[in-house]
Structures are given as C-alpha cells and as structure tokens.
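What follows is a short report on a single structure.
Residue numbering restarts at 1 for every chain, and letters A, B, ... go by the order of the sequence lines. No experiment lies behind these values; they were computed from the predicted model shown. Both backbone and side-chain heavy atoms feed into the values below; hydrogens, waters and symmetry mates do not.
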There are 2 protein chains.
Amino acid sequence: MQAATNTPVEINYEALSESAIHAMAESFKALADPTRLKILALLFAEERCVGNIAEHLDVSQSAVSHQLRLLRSLNIVRYRKEGREVYYDLADDHVRGILLRTFEHVLHD
Amino acid sequence: MQAATNTPVEINYEALSESAIHAMAESFKALADPTRLKILALLFAEERCVGNIAEHLDVSQSAVSHQLRLLRSLNIVRYRKEGREVYYDLADDHVRGILLRTFEHVLHD
DNA sequence: TAAATACATGAGCATATATTCATGCATTAT
DNA sequence: ATAATGCATGAATATATGCTCATGTATTTA
C-alpha cells in the first residue's frame, strides 16, 4: 500500500476509452454517498458483519445491505460467510489509498 | 505531487465528523460523472477555454459551463479570464493524484 | 419440524442530478 | 451605438439514486 507513486502513468483524453471513463465514474459514484463512506470508514479498521454496521450507523439493515451489494459489485468490499453472518471487509489497499487521499484533501482546505 | 504516501494519517470512524464525511462525499460526487471526468481528463494535459472543451466533448456549451461551476465550487478547477474567454485548469496536484490512482484502479482489474 | 436470526432483494416513492432551452451579462468588432 | 462572440445562469424535465416496506432464503436453535 505504500509504494507506487512515481508510476509513469499519464492521463490524456484521447487515450481514455469511453468504457474506462464510465468505469472511473462508477467507482467514484460508489464513494460519493455519506452512508457508503461511513460503512467504508468502519471497515477501514476491521471487518464487520451487516447487522453490526447497521447498529453503528443507525441505518436500517436493508439499507446497509443494498449499499453493500453496490460496493460488492464494484470490488470495493469483499465478504466471507460465517454461520448466518456475513463479514465484510475492504477489498484491497487501493481503496484505502483513495480514501486516505481524499480525506487529506478535505482536511487541508 | 510524487511524495507523501507514508503519511501517518489514519481513518477511523469515530474520529470522522459528519461534516468531513459530507465533504468527502461531495468531492467524490464531483468526480462521479462521465462528462466531468472527460473535462478533467482534457484539463489534465493543459488549460482550455469553455468553448474549446465543449467542442472536444461534443457537449453543449451550457452543459459544460454548468459542470465547470460545480467543479469550481469544490476547488477542483480554477480559471482565469482573458478577453472574453475563460480558461480553466486543474486546481492542484491533489486532484491529479486522485485521478491517476483511480485510473490505475480501473485498469488493473 | 417450527421458530428465530441474519442477510438479500424487488417494488415503490421521494429526492437529487444532468441536460436542454431561453436568456442575461461582459467583451470585442463593425 | 449596434452586432457578434463567449460564457453564466435560472427554470423545466427526464432520469438516476437511496431509502423503506414487504418478503424471500439460508442457517441455527428450540
């Protein structure tokens, strides 16, 4: 999670395919909601099951489940089943990095 | 733009204020639209005036102007006037970093 | 087996959002 | 001064989105 900053990657409009643009928009959209951000902030520290998340956020279990489905579909979170509970976790450190950067961006303004 | 990765910043839910969460959501929301992303991709390389952006994206001048207003309000782009033209540019390298990271995230999937 | 628990999901509704259209406001050209 | 150009903006509309409610499915307990 710490390396990779001086990558030679560049963004130029001509090279960006329509599908890449839409994929990026989808990813950002997933992070563009307070409820989902709160869920991710909780998962930033440790994995949690659905009911636990709902309690902490004071949001209905249904609402949390809907949001988790969306995050799942974009590979932002992953899950594992244990009995009748389903534990969710951040999918990878890529997500952590983006969350951290934006958090900093918001702070230093 | 390249340094700053091993910052000691952490995200934990309890410490995140409601307003910080909303600020982050707003920032992500600004990046969560294909048209705005295309605009930013254009500006990634160089500053451009409104009409020029509209031409390149095949979007109406009005639509571009509306989106630029939103990006402006969140300090994602900045502008300078020159005669009757207004040139827009990315506000800072923070934005570049976030765009690059997400671009990579989308590629490596 | 029946009841309870934990989570997922479809439909419906209220709100948010992106675009278009019409128009306004500067600045430059005639 | 009048017209033209470049950009900004308010209103209206169509679509997208997040939540609730009702219900379904899987797993555990009585």
Discussion item. For D:dA8 and B:Tyr88 - does any side-chain N or O of the residue sit under 4.0 Å from the phosphate oxygens OP1/OP2?
Written reply: yes

Fill in: Backbone of A:Arg36 reached by a side-chain donor or acceptor of A:Asp33 within 3.5 Å
yes

Discussion item. Using modelled atom types and a 3.5 Å cut-off, is there a donor and acceptor pairing between side-chain atoms of A:Ser65 and backbone atoms of A:Gln61?
Written reply: no

Practice prompt. For A:Tyr87, look at atom OH and say whether over 12 heavy atoms of other residues, nucleotides or ligands are found less than 6.0 Å away.
Written response: yes

Item to complete: Tell me yes or no: between the side chains of B:Ser19 and B:Ser17, is some donor less than 3.5 Å from an acceptor?
Response: yes

Worksheet, complete the sentence: Contact string for nucleotides 20-27 of chain C, one letter per nucleotide 5' to 3', B = base within protein heavy-atom range under 4.0 Å, S = sugar-phosphate only, - = neither, reads BBB----B

Worksheet item: Are any side-chain N or O atoms of B:Asp92 and backbone N or O atoms of B:Val95, one a donor and one an acceptor, separated by less than 3.5 Å?
Response: yes

Discussion item. Over all strands shown, is A:Tyr87 touching base, sugar-phosphate only, or nothing at heavy-atom distances under 4.0 angstrom?
Written reply: nothing

Discussion item. Any residue in residues 31-41 of chain B with a heavy atom nearer than 4.0 angstrom to DNA chain D? Just list them by number, or reply none.
Written reply: none

Worksheet item: Which part of the nucleic acid, if any, lies within reach of B:Lys29 when heavy atoms closer than 4.0 Å are counted: base, sugar-phosphate only, or nothing?
Response: sugar-phosphate

Worksheet item: Within less than 4.0 Å of OP1 or OP2 of C:dG10, is there a side-chain N or O belonging to A:Arg69?
Response: yes

Practice prompt. Quick one: label B:Tyr79 by what it contacts on the DNA or RNA (base, sugar-phosphate, nothing), any heavy atom closer than 4.0 Å.
Written response: nothing

Worksheet item: To the nearest 0.5 Å, how far apart are CD1 in B:Ile98 and CG in B:Asp93?
Response: 11.5 Å

Fill in: Backbone of B:Val77 reached by a side-chain donor or acceptor of B:Arg72 within 3.5 Å
no

Item to complete: Answer yes or no for B:Arg96 and B:Phe44: cation-pi contact, defined as NZ/CZ to six-membered ring centre under 6.0 Å and angle to ring axis within 45°.
Response: yes

